[in-house]
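Bear in mind that the values here come from a model prediction, so they are computed numbers and not experimental data.
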Amino acid sequence: MMTGSVSAGEPAPMTGATQALATGIIAGERRALARAITLVESTRHDHRIQASRLIEHLLPSTGRAIRIGFSGPPGVGKSTFIEAFGTWLTRSGRKVAVLAVDPSSSRSGGSILGDKTRMETLSREPNAYIRPSPSSCTLGGVARRTREAMLLTEAAGFDVVFIETVGVGQSETAVADMVDLFVLLASPAGGDDLQGIKRGIMELADLLIVTKADGDLALAAQRAASELRSALHLMRPKVPCWRPKVLTVSSVSATGMDAVWATINEFRQAMETSGELAKLRAEQARAALWREIEDGLITALKDHPTVAAEAPGLESAVVARETTPTLAAERLLTAFLGRPVWPD
């Protein structure tokens, strides 16, 4: 091993403060967990180093939770369902962590929805932990450090982790790429909205849930569920061991929650028995590695002094149609690398 380096698999040394934070998380201390998530969300370089060492140290204590992502069109009742289902789970003895990714204000960067405020009942449950995080305008509504926050909650002993996204969008694959089970919520009166999301996101779903299946909407919910089941027959399953199912629930009366949990357990058992769960998580970790590399390279590129000096002029030239984005990018990359991007 080279002097001053850390070999693969050997945790990097931690400061006393970071070690204390890790100890608190393992002990299930909520204050330590909150501080750690704030740390991983920080963009400061020294905080990023500290957070990376903390996560690496805690890795052996992660991976035992079931990771569930939720998405659906605005107004479908994602937060209402998550609160009802989460409350049902905690009262059944489960420890539930909710990472609710709020849309961010483009002006202040702050959260807009405030899911912790909206989930008042669940937030009072002793076995629940809710962490709203601004998406920071990340495409698809998934905060950049949601994966690390998820690992921290697992290390703190939570055995079910929910990730609620902003809504249906083209890059909701971001949440599907970090969870075991991806749940799509649909409204019984979705109409054209229901049709619009089929091809764009239904193929990502492992479980589809029609909400608001009560009162005047009970029959409409059953019809919507039937339509979804018909649509699923035309789609190829994501994995050979599991064909997505469609359920109906009422968050108001908490009916259907037992069926949802039974289906989740059935899914996990099928994935574990077939080896697909281990394969899925391995692919997710590999994808996360390359996303970090891409983010790091872009940051390094923008911070390069020559690039920083030339970028404004090249941006203006592209806008004025004096050059093409491809040629401008080639010049900046050449300045960054110190050699031609595509040598002759």
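- Under the 4.5 Å side-chain contact rule for hydrophobic residues, Leu59 and Leu152 share a cluster.
- Side-chain contact between Ser123 and Ile130 is present, with at least one heavy-atom pair separated by less than 4.5 Å.
- Atom CG of Leu21 is separated from atom CG of Leu39 by 7.0 Å, given to the nearest 0.5 angstrom.
- Closest approach of Ile25 to Ala36, counting heavy atoms only: CD1-CB, 3.4 Å.
- The side-chain heavy atoms of Leu332 and Glu310, taken from C-beta on, include a pair separated by under 4.5 Å.
- Between His57 and Ala22 the shortest heavy-atom distance is CD2-CB, 3.7 Å.
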Please lay out, stage by stage, how Arg236 and Glu203 fare under the test salt bridge (charged side-chain N to carboxylate O under 4.0 Å, His left out). CA-CA 8 Å; Arg236 180 179 300 177; Glu203 65 271 18; over 6 Å; no
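- Cluster annotation: Leu280 is connected to Phe162 through the hydrophobic network of ILVMFWY side chains, with a link wherever side-chain heavy atoms come within less than 4.5 Å.
- No single ILVMFWY cluster, assembled from side-chain heavy atoms under 4.5 Å apart, contains both Val318 and Leu333.
- Checked by atom type and distance alone, the side chain of Glu154 never pairs as donor or acceptor with a backbone atom of Asp159 at under 3.5 Å.
- Around atom CG of Asp216, no more than 12 heavy atoms belonging to other residues, nucleotides or ligands sit under 6.0 Å away.
- Phe182 and Phe70 have their aromatic ring centers separated by at least 6.0 angstrom.
- You'll find the side chain of Arg67 reaches within 4.5 Å of the side chain of Met150, heavy atoms only.
- Note: Trp290 CH2 to Leu297 CG = 9.0 Å, rounded to the nearest 0.5 Å.
- Between atom NE2 of residue His233 and atom CZ of residue Arg229 there is a gap of 9.0 Å, rounded to the nearest 0.5 Å.
- With Arg131 as the partner, the side-chain hydrogen bond (donor to acceptor under 3.5 Å, both in side chains) test is satisfied by one option alone out of Thr146, Thr153, Thr38: Thr38.
- In this structure, Lys95 is positioned above the aromatic face of Phe158, its NZ or CZ under 6.0 Å from the six-membered ring centre and within 45° of the axis.
- Of all heavy-atom pairs spanning Ala224 and Ser187, the tightest one is CB-O, 4.3 Å.
- Within the structure, every pair that satisfies the side chain to side chain donor-acceptor pair (under 3.5 Å) test and touches residues 270-279, not counting sequence neighbours, is listed here: Arg268-Glu272.
- Enclosure of atom CD in Gln269 is not indicated, since only 12 or fewer non-hydrogen atoms of other residues, nucleotides or ligands lie within 6.0 angstrom.
- Using a 4.5 Å heavy-atom threshold, the side chains of Leu232 and Arg243 count as separate.
- Here Leu219 sits alone; no ILVMFWY side chain lies under 4.5 Å from its own, so it joins no hydrophobic cluster.
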Q: Please assess Glu125 against Arg91 for the test salt bridge (charged side-chain N to carboxylate O under 4.0 Å, His left out), listing each intermediate value before the final yes or no.
A: CA-CA 8 Å; Glu125 288 291 319; Arg91 293 178 181 177; 3.0 Å; yes
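- Under a hydrophobic-cluster definition in which Ile, Leu, Val, Met, Phe, Trp and Tyr are linked whenever side-chain heavy atoms come within less than 4.5 Å, directly or via other members, Leu217 and Val249 are assigned to different clusters.
- Both Met235 and Val246 sit in one connected hydrophobic cluster of ILVMFWY residues. Membership requires side-chain heavy atoms under 4.5 Å apart, directly or through other members.
- Contact annotation: the side chain of Ser79 approaches that of Met119 to within less than 4.5 Å [non-hydrogen atoms, C-beta and beyond].
- Side-chain contact between Val210 and Leu228 is present, with heavy atoms from C-beta onward closer than 4.5 Å.
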Yes or no on salt bridge (charged side-chain N to carboxylate O under 4.0 Å, His left out) for Arg286 and Glu283, after CA distance, side-chain angles and deciding distance? CA-CA 5 Å; Arg286 183 179 293 109; Glu283 289 299 323; 2.7 Å; yes
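- Taking CZ from Phe267 and NZ from Lys245, the interatomic distance works out to 11.5 Å, rounded to the nearest 0.5 Å.
- Surrounding CZ of Arg35 are at most 12 heavy atoms belonging to other residues, nucleotides or ligands under 6.0 Å away.
- In this structure, Leu208 and Leu247 have side chains that are not in contact, with every pair of non-hydrogen atoms separated by 4.5 Å or more.
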Item to check | side-chain hydrogen bond (donor to acceptor under 3.5 Å, both in side chains) between Thr326 and Thr324, worked out | outcome: CA-CA 5 Å; Thr326 301; Thr324 66; 4.7 Å; no
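- Evaluation of the side-chain hydrogen bond (donor to acceptor under 3.5 Å, both in side chains) rule for Gln50 yields Thr18 as partners, not counting sequence neighbours.
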Evaluate the criterion side-chain contact (heavy atoms from CB on, under 4.5 Å) for residue pair Trp242 and Asp206; output intermediate values, then yes/no. CA-CA 8 Å; Trp242 181 258; Asp206 301 296; 4.2 Å; yes
Exercise for review: Run the numbers on Tyr129 and Leu33 for side-chain contact (heavy atoms from CB on, under 4.5 Å), then give the verdict.
Suggested key: CA-CA 10 Å; Tyr129 179 82; Leu33 176 58; 3.8 Å; yes
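- Under the 4.5 Å side-chain criterion, counting only non-hydrogen atoms from C-beta, Arg145 is in contact with Glu148.
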- [ ] Show the numbers, then the answer: is there a side-chain contact (heavy atoms from CB on, under 4.5 Å) between Thr255 and Asp214?
- [x] CA-CA 9 Å; Thr255 55; Asp214 50 43; 6.0 Å; no
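- For the atom pair CD1 of Ile293 and CD1 of Ile298, the computed distance is 12.0 Å after rounding to the nearest 0.5 Å.
- Although no hydrogens or angles enter the test, the distance criterion places a donor-acceptor pair under 3.5 Å between the side chain of Arg64 and the main chain of Ser61.
- Checking Asn127 against Thr90 by side-chain atom types alone, no donor-acceptor pair falls below 3.5 Å.
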Walk me through whether Asp180 and Leu277 qualify under side-chain contact (heavy atoms from CB on, under 4.5 Å). CA-CA 7 Å; Asp180 304 326; Leu277 183 60; 3.5 Å; yes
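- Across every non-hydrogen atom of Cys241 and Met271, the tightest pair is SG-SD, 3.8 Å.
- Here CG of Leu337 is found 8.5 Å from NE2 of His304. Values are rounded to the nearest 0.5 Å.
- When every heavy atom of Lys78 is checked against every heavy atom of Thr165, the shortest pair comes out as CE-O, 3.3 Å.
- For the pair Lys212 and Gly75, the tightest heavy-atom approach, listed with the atom from each and the gap, is NZ-O, 2.7 Å.
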